[in-house]
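In each ligand, atom 1 is the first atom listed, and ligand 1 is the first ligand listed. Computed over heavy atoms, backbone and side chain alike; hydrogens, waters and symmetry mates excluded. Count residues from 1 along the sequence.
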Amino acid sequence: MSNVHVLEHPLIQHKLTYIRDKSTGTKEFRELVDEVAMLMAFEITRDLSVEEITVETPVSTAKTKILSGKKIGLIPILRAGLGMVDGMLKLLPAARVGHVGLYRDPETLVPVEYYVKLPSDMAERELIVIDPMLATGGSANDAIQALKQRGAKKIRLMCLVAAPEGVEVIQKNHPDVDIYLCAIDEGLNEKSYIVPGLGDAGDRLFGTK
Ligand code: PRP
Ligand code: URA
């Protein structure tokens, strides 16, 4: 069963409040999503493995640690996932970035895949699928499936806000994928938007509508 981690750090929760607020404009929304993504990267990487090495300091030798184990791949789901990539790269500058393009058909709400471009060595990488919204779970579910079909072994999912329905879908279909969230909201409305949520993440990030 997937572990679900709700990141309760006060800075994350504070910034999420302003992300949710409908009076927050595009520029500030984008900046806040970027900042929260960076803070989430810090929390999500707590369990990365490290190894001990020795370095010469100007004074003596120090036994100290560096990251070891699998390298990271970031996989934003287009298009709203793009808004979280730069923030994560601030802490994980060597990560490779792959893209999965999906949109929810407005009538059927079924995700439609239109683009997949992934790092060639992604089977050796620990992948983090990124999307601000986990609503019905259809998009994240299909993105994870697309990665597994192409050989991905270790995947985490990171979203700002989730509906319980979406969390359930991922837990059922991808029990090996741990989920990292800032909040689990009440549910979905008749258009499958998250309630209270933050509205349409892509439109708010890119100023479309
Ligand atoms: C939004 C969001 C997720 C998806 C979540 O994208 O960024 O990808 O909806 O909904 P689901 O869990 O019900 O699948 P959207 O389809 O609006 O595409 P966009 O990012 O290109 O606007
Ligand atoms: N996609 C969004 O951008 N927002 C929602 O609330 C649900 C899906």
Judged on heavy-atom distance to atom 2 (C) of ligand 2, which of Met133, Lys191, Arg79 sits nearest?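 Among Met133, Lys191, Arg79, the closest heavy atom to atom 2 (C) of ligand 2 comes from Met133.
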With a cut-off of 3.5 Å and sequence neighbours excluded, list every side-chain donor-acceptor pair involving residues 3-10.
residue, atom, partner, partner atom, Å
His9, ND1, Leu11, N, 3.1

Atom pairs and distances, ligand 1 N/O vs protein N/O under 3.5 Å:
residue, atom, partner, partner atom, Å
ligand 1, 7 (O), Asp131, OD1, 2.8
ligand 1, 8 (O), Asp131, OD2, 2.4
ligand 1, 12 (O), Ala135, N, 2.9
ligand 1, 12 (O), Thr136, N, 3.1
ligand 1, 12 (O), Gly137, N, 2.8
ligand 1, 13 (O), Arg104, NH1, 2.7
ligand 1, 13 (O), Thr136, N, 2.9
ligand 1, 13 (O), Thr136, OG1, 2.5
ligand 1, 14 (O), Ser139, N, 2.8
ligand 1, 14 (O), Ser139, OG, 2.6
ligand 1, 16 (O), Arg104, N, 2.8
ligand 1, 20 (O), Arg79, N, 3.1
ligand 1, 20 (O), Ala80, N, 3.2
ligand 1, 21 (O), Arg79, N, 3.3
ligand 1, 21 (O), Arg79, NE, 3.2
ligand 1, 22 (O), Arg79, NE, 3.1
ligand 1, 22 (O), Arg79, NH2, 3.1

Is a side-chain donor-acceptor pair under 3.5 Å present for Arg30 with Thr24?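 No, because no side-chain N or O of Thr24 sits under 3.5 Å from a partner of the opposite role on Arg30.
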Among all protein non-hydrogen atoms, which one is nearest to [atom], and what is the separation to 0.1 Å?
atom	answer
atom 3 (O) of ligand 2	Ala201 N, 2.8 Å
atom 8 (C) of ligand 2	Arg104 NH2, 3.5 Å
atom 5 (C) of ligand 2	Tyr193 CD2, 3.4 Å
atom 6 (O) of ligand 2	Ile194 N, 2.8 Å

Sub-4.0 Å heavy-atom contact, Gly199 with ligand 2: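 It does; at least one heavy atom falls under 4.0 Å.
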Does ligand 2 have an atom under 4.0 Å from some heavy atom of Ser192?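 Under 4.0 Å: yes for Ser192.
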Is it true that [X] and [Y] have a side-chain N and a carboxylate O under 4.0 angstrom from each other?
X	Y	value
Glu124	Lys70	no
Asp121	Arg125	yes
Glu52	Lys65	no
Lys154	Asp176	no
Glu168	Lys172	no

What verdict does the side-chain contact (heavy atoms from CB on, under 4.5 Å) test give for Leu39 and Glu43, after you've listed the backbone C-alpha separation in whole Å, the side-chain angles of each residue and the deciding distance to 0.1 Å? CA-CA 7 Å; Leu39 295 170; Glu43 293 275 5; 5.9 Å; no
In terms of atom number and element, which parts of ligand 2 are under 4.0 angstrom from non-hydrogen atoms of Ala135?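 Per the distance check, 7 (C), 8 (C).
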Can you check whether Gly187's main-chain N or O pairs, donor with acceptor, with Asp185's side chain at less than 3.5 Å?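 Not at all, since once roles are kept as given, no pair shorter than 3.5 Å links the two residues.
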Passing candidate, side-chain contact (heavy atoms from CB on, under 4.5 Å) with Pro76, options Asp131, Val97, Ile128: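 For Pro76, the side-chain contact (heavy atoms from CB on, under 4.5 Å) test succeeds with only one of Asp131, Val97, Ile128, which is Val97.
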